[in-house]
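For reference, the structure discussed in these notes is given below.
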Amino acid sequence: MPRLVTVHANIVSCTRCPRLRNYCQEIARTKRRAYRDEIYWGKPVPGFGDPRARLLLVGLAPAAHGANRTGRAFTGDGVGGSGDFLMSALHRAGFANIPTSHDPHDGLKLRDAFIAAAVRCAPPDNKPTPEEIANCLPHLDEELAALPRVRVVVALGRIGFDAYLRLLKHRGLALGRRPRFEHALAHELPNGQTLIGCYHPSRQNTNTGKLTPRMMDEVFRLARRSLQP
């Protein structure tokens with residue numbers, strides 16, 4: 001736990017990407033009308049969850065008025081937003097104690113699960129550059145090093161999937177044939193971990209039916225099976 005605290009302090013103080021830092025600070029200054037009386041977090045967002053987690057989720061990046069406002073991943077993007085959709089699925093699978101994620105003080109606790117991201121600052125139009133993704137990779141590396149029990153990784157979207165594969169390559173892991181990103185497709189990796197692809201729970205995907213609760217449940221059933229002794 002002390003090591004994870006240090007890693008998170010390094011994430012919060014990061015200034016590697018001036019474009020992202022300027023954007024996050026500007027959003028925190030101008031705010032959205034619905035949140036004009038709130039103090040925005042406006043800094044890089046560390047991961048959160050169970051320090052003894054065996055399940056790691058890798059998302060894309062904070063939302064400008066979600067985690068960039070609240071300081072907690074998948075938190076505060078509105079009723080029925082990405083946070084609620086994801087936490088509902090985690091709750092049904094037994095990884096979360098409540099099915100919503102509205103506020104850092106809402107009592108949400110993850111069990112045997114930890115949520116990280118490929119990029120820790122909200123990017124304009126939700127589109128980080130390849131350089132910004134590369135700049136953030138050491139944070140994911142250090143966070144994973146502080147979570148030694150991780151056995152299953154669920155990548156929420158292709159960017160999270162590719163970032164995790166890039167991290168493994170950086171660590172010198174020979175993957176052979178590159179794993180293919182596909183929803184609910186699991187890959188057994190040479191390091192003993194299981195990597196599972198999952199469509200990102202964005203409103204664009206959930207409102208159009210590209211990602212349904214049943215599809216999300218399928219991913220976490222796969223994760224549960226992979227965590228069995």
At their closest point, which heavy atom of Arg16 faces which heavy atom of Pro18, and how far apart are they? O-CD, 3.4 Å
Are the side chains of Ser13 and Lys43 in contact, using a 4.5 Å heavy-atom criterion? no
Between Arg19 and Pro124, is there a side-chain heavy-atom distance shorter than 4.5 Å? yes
Lys NZ or Arg CZ of Arg32 over Tyr40 ring: under 6.0 Å, within 45°: no
Ring centre gap for His183 and Phe161 strictly below 6.0 Å: no
Heavy-atom side-chain proximity of Phe114 to Asp50 below 4.5 angstrom: no
Taking every non-hydrogen atom, the tightest pair across Cys14 and Arg21: O-CD, 3.5 Å
Evaluate Arg178 against Asp162 for side chain to side chain contact (heavy atoms under 4.5 Å, CB included), listing each step before the verdict. CA-CA 10 Å; Arg178 179 182 174 85; Asp162 289 346; 2.8 Å; yes
With a 4.5 Å cut-off on side-chain heavy atoms, are Trp41 and Pro62 touching? no
Looking at Glu26, I'd like to know if its CD atom is crowded, meaning that more than 12 non-hydrogen atoms belonging to other residues, nucleotides or ligands lie closer than 6.0 Å. yes
How long is the span from the CZ atom in Arg92 to the CZ atom in Arg221, to the nearest 0.5 Å? 9.5 Å
Tell me whether Leu185 is reachable from Val219 by hopping between hydrophobic residues (I, L, V, M, F, W, Y) whose side-chain heavy atoms are closer than 4.5 Å. no
Could you tell me whether the side chains of Ser101 and Thr75 share a donor-acceptor contact shorter than 3.5 Å? yes
About how many Å separate CZ of Arg69 and NZ of Lys31, when rounded to the nearest 0.5 Å? 10.5 Å
Test of understanding: clusters of I, L, V, M, F, W, Y form through side-chain heavy atoms closer than 4.5 Å, transitively. Do Leu227 and Tyr164 belong to the same one? yes
Nearest heavy-atom approach of Val150 to Gln193 is O-NE2, 3.5 Å
In terms of hydrophobic clustering (I, L, V, M, F, W, Y; side-chain heavy atoms under 4.5 Å; direct or indirect links), are Leu86 and Val45 co-clustered? no
For Pro99, does its backbone N or O pair with a side-chain atom of Ser88 as donor and acceptor, under 3.5 Å? yes
Compare all side-chain heavy atoms of Asn68 with those of Tyr23 and state whether any distance is below 4.5 angstrom. no
Could you tell me whether a side-chain N or O of Glu143 sits under 3.5 Å from a main-chain N or O of Gly47, the two making a donor and an acceptor? yes
Do Met87 and Ile115 make a side-chain contact, defined as non-hydrogen atoms from C-beta onward lying under 4.5 Å apart? yes
Identify the heavy atoms of Ala122 and Ala63 that sit nearest to each other, and give their distance. CB-C, 4.1 Å
Begin from the C-alpha positions of His102 and Thr70 and carry the test side chain to side chain contact (heavy atoms under 4.5 Å, CB included) through to its verdict. CA-CA 9 Å; His102 296 164; Thr70 64; over 6 Å; no
Rounded distance [0.5 Å steps], CG in Leu195 versus CG in Leu165: 5.5 Å
Take Phe85 and Arg203 through the side chain to side chain contact (heavy atoms under 4.5 Å, CB included) test and state the conclusion after the steps. CA-CA 9 Å; Phe85 191 92; Arg203 288 183 186 266; over 6 Å; no
Is Ile27 reachable from Tyr35 through a run of I, L, V, M, F, W or Y residues, each pair having side-chain heavy atoms under 4.5 Å apart? yes
CZ of Arg52: more than 12 outside heavy atoms within 6.0 angstrom? no
Check whether any side-chain N or O of Asp77 sits under 3.5 Å from a backbone N or O of Gly66 as a donor-acceptor pair, and report yes or no. no
Asn205 side chain to Ser202 backbone, donor-acceptor under 3.5 Å: no
Gap between atom OG1 of Thr194 and atom CG of Leu189 - 0.5 Å precision: 7.0 Å
Rounded to the nearest 0.5 Å, what separates atom CG in Leu55 from atom CZ in Arg151? 11.0 Å
Roughly how far apart are Lys109 NZ and Ile98 CD1, rounded to 0.5 Å? 10.0 Å
Remaining members of the apolar cluster that contains Leu20, side-chain heavy atoms under 4.5 Å: Leu60, Val119, Ile133, Ile159
Quick one: closest heavy-atom pair of His200 and Leu211, and the distance? O-CD2, 3.8 Å
Is there a donor-acceptor pair closer than 3.5 Å between any side-chain N or O of Glu218 and the backbone N or O of Arg214? no
Output, in order, the C-alpha distance, side-chain angles, deciding distance and verdict of side chain to side chain contact (heavy atoms under 4.5 Å, CB included) for Met216 and Leu156. CA-CA 10 Å; Met216 203 74 181; Leu156 301 173; 4.0 Å; yes
Note, Thr100 side chain near His91 side chain (heavy atom, < 4.5 Å): no
For Gln204, does the CD atom sit with more than 12 other heavy atoms under 6.0 Å from it, leaving out its own atoms? no
Mind checking salt bridge (Lys or Arg N to Asp or Glu O under 4.0 Å) for Arg111 and listing every partner two or more places apart, or none if nothing turns up? none
For Asp112, give me all partners under salt bridge (Lys or Arg N to Asp or Glu O under 4.0 Å), at least two apart in sequence or on another chain. Arg54
Close side-chain approach of Leu140 and Arg120, heavy atoms under 4.5 Å: yes
same_hphob_cluster(Leu173, Leu147) at 4.5 Å side-chain heavy-atom cutoff: yes
Considering all heavy atoms, the nearest Val58-Ala117 contact: CG1-C, 4.2 Å
